[in-house]
Amino acid sequence: MRIVFLGTPEFGVTVLKALLESRHEIIGVITRPDAPSGRGKQLVAPPVKQFAKEQKLKVFQFEKLSRDGVETIQKLNPDLMVTASFGQIISKEILDIPPYGILNVHASILPKFRGASPIQTAIMKGETVTGVTIMKTELGLDTGDIYSIKTTPINPYETAGELSKRLADIGAKLLLETIDEIEYKGLQPQPQSHVQATITKKITKEDVRIRWVKSDNEIKNLIYGANPSPIAYTETEDGTLIKIYEAKLTNLPNTQEPEGTIVAPTSNKKGVFVQCGQGVLQLTKLQFAGGKEMDGASAINGNKLKLGQKFVSAY
RNA sequence: CGCGGGGUAGAGCAGUCCGGAAGCUCGUUGGGCUCAUAACCCAAAGGUCGCGUGGUUCAAAUCCCGCCCCCGCAA
């Protein structure tokens with residue numbers, strides 16, 4: 001089929017790549033405009049654009065697709081369109097263009113975790129299973145009828161980045177299979193159970209501030225769900241910001257210290273062990289402003305953190 | 001020209017303001033103690049102090065000039 005692909009970040013690249021290696025023809029790629037990013041506010045192209053350019057595909061960027069892109073898509077005249085974390089709403093006018101409609105690759109088991117951050121949210125909520133859904137793109141937010149679902153377990157110490165990569169691979173494969181079924185076997189989509197739907201919002205800086213009153217396991221899930229972006233953090237009482245990349249559950253008994261305190265481990269091993277609302281969590285990879293990521297022992301060795309020191313825990 | 005921090009031994013840091021013998025906590029190697037150890041004791045190796053083979057000086061990690069690299073915030 002002649003396909004127009006719409007996507008923006010790395011997740012989309014994986015899906016686009018799979019389509020490119022398939023029997024289908026990618027007649028156009030639509031992505032969001034370059035945005036100023038990083039130090040110095042340089043314009044950076046979205047990953048999908050970078051990849052598509054390398055592959056010599058036709059790339060179109062629209063500030064607002066529904067407003068500016070209708071004519072372009074009409075001219076391309078695709079059989080099918082595919083979205084994978086595109087990040088923009090698609091108007092009815094565009095939805096009606098391709099005869100096979102628009103398929104969306106969503107990284108959750110719909111109707112659970114609709115919205116912007118299904119992968120991160122699944123980890124933060126301590127889910128043990130997640131998956132990918134191939135569904136019809138509609139006017140609503142991830143409300144379209146479902147064609148197919150594939151599930152996968154979430155590993156205990158899996159980061160959102162790792163999970164995202166796995167789900168992208170799974171999603172890409174499932175998408176191709178689903179297109180085949182639709183085209184050759186006339187697969188029909190099934191409506192979602194809207195009453196059971198849950199929505200995930202964009203993860204904010206405030207969401208990933210560690211609240212030490214929570215349990216060690218909840219905090220661990222927050223840390224892994226926020227990795228590699230935006231990264232969970234805490235701060236010392238003098239206002240030093242510390243990013244936490246990785247942590248380990250310890251099984252150490254609770255101490256008498258208030259939550260957020262760096263406590264002594266049972267062994268003489270060095271490390272950053274923090275008393276949580278319930279349980280003691282070991283911070284194994286952290287980063288201070290201006291520095292690179294380091295392990296817990298290094299933070300202690302360099303006197304960056306000391307035994308008995310407290311992280312701010314009340315907000 | 002968005003704001004800011006940093007580059008000193010394998011790791012994390014101090015020393016830089018007020019130039020004058022390269023240090024700290026670990027790690028590594030060897031030895032000792034021990035039933036044993038990631039614990040403890042003793043010893044050793046390991047650094048052109050980011051680069052210029054730049055400038056000032058009797059003397060530069062430290063002051064001045066230029067360049068490279070890393071990172072936090074904000075977006």
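Scope of the values below: all heavy atoms of this structure, side chains included, with no hydrogens, waters or symmetry mates. A note on names: the letters A, B, ... follow the listed sequences, proteins ahead of strands, and every chain is numbered from 1.
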Enclosure of [X] [atom1] (heavy-atom neighbours >12, cutoff 6.0 Å):
X	atom1	result
E127(A)	CD	yes
E93(A)	CD	no
K205(A)	NZ	yes

For K112(A), is there any backbone N or O sitting under 3.5 Å from a side-chain donor or acceptor partner on S108(A)? yes

Does [N] pair with anything, Watson-Crick or G-U wobble, both distances under 3.5 Å, and if so, with which nucleotide?
N	answer
C40(B)	G32(B)
C73(B)	G2(B)
U56(B)	none
U48(B)	none

In terms of the nearest nucleotide of RNA chain B, which residue is placed more toward the 5' end: G38(A) or D295(A)?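 Per heavy-atom nearest nucleotide, the more 5' residue is D295(A).
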
Is [X] near enough to [N] that one of its side-chain N or O atoms lies under 4.0 angstrom from OP1 or OP2?
X	N	value
R39(A)	C3(B)	no
K243(A)	C73(B)	yes
K205(A)	C73(B)	yes

Return the value, rounded to whole Å, for the distance between atom [atom1] of [X] and atom [atom2] of [N].
X	N	atom1	atom2	value
F288(A)	A11(B)	CZ	P	18 Å
Q287(A)	C71(B)	CD	P	8 Å
E206(A)	A74(B)	CD	P	12 Å

Please name the residue in the list Q88(A), Q50(A), K49(A) that meets the side-chain contact (heavy atoms from CB on, under 4.5 Å) test with T31(A).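 Per the side-chain contact (heavy atoms from CB on, under 4.5 Å) rule, the option paired with T31(A) is K49(A), out of Q88(A), Q50(A), K49(A).
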
Nucleotides 67-69 of chain B: which of its N/O atoms have a protein N/O under 3.5 Å away?
none

Would Q275(A) and N254(A) count as a side-chain contact (heavy atoms from CB on, under 4.5 Å) here? Give the steps. CA-CA 7 Å; Q275(A) 176 66 54; N254(A) 286 311; 2.9 Å; yes

What nucleotide, of G72(B), G2(B), U25(B), holds the atom closest to the side chain of A289(A)?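 Minimum distance to the A289(A) side chain belongs to G72(B).
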
Please verify the inter-ring angle class for W212(A) with F311(A); under 30° counts as parallel, over 60° as perpendicular, anything in between as tilted.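 Parallel.
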
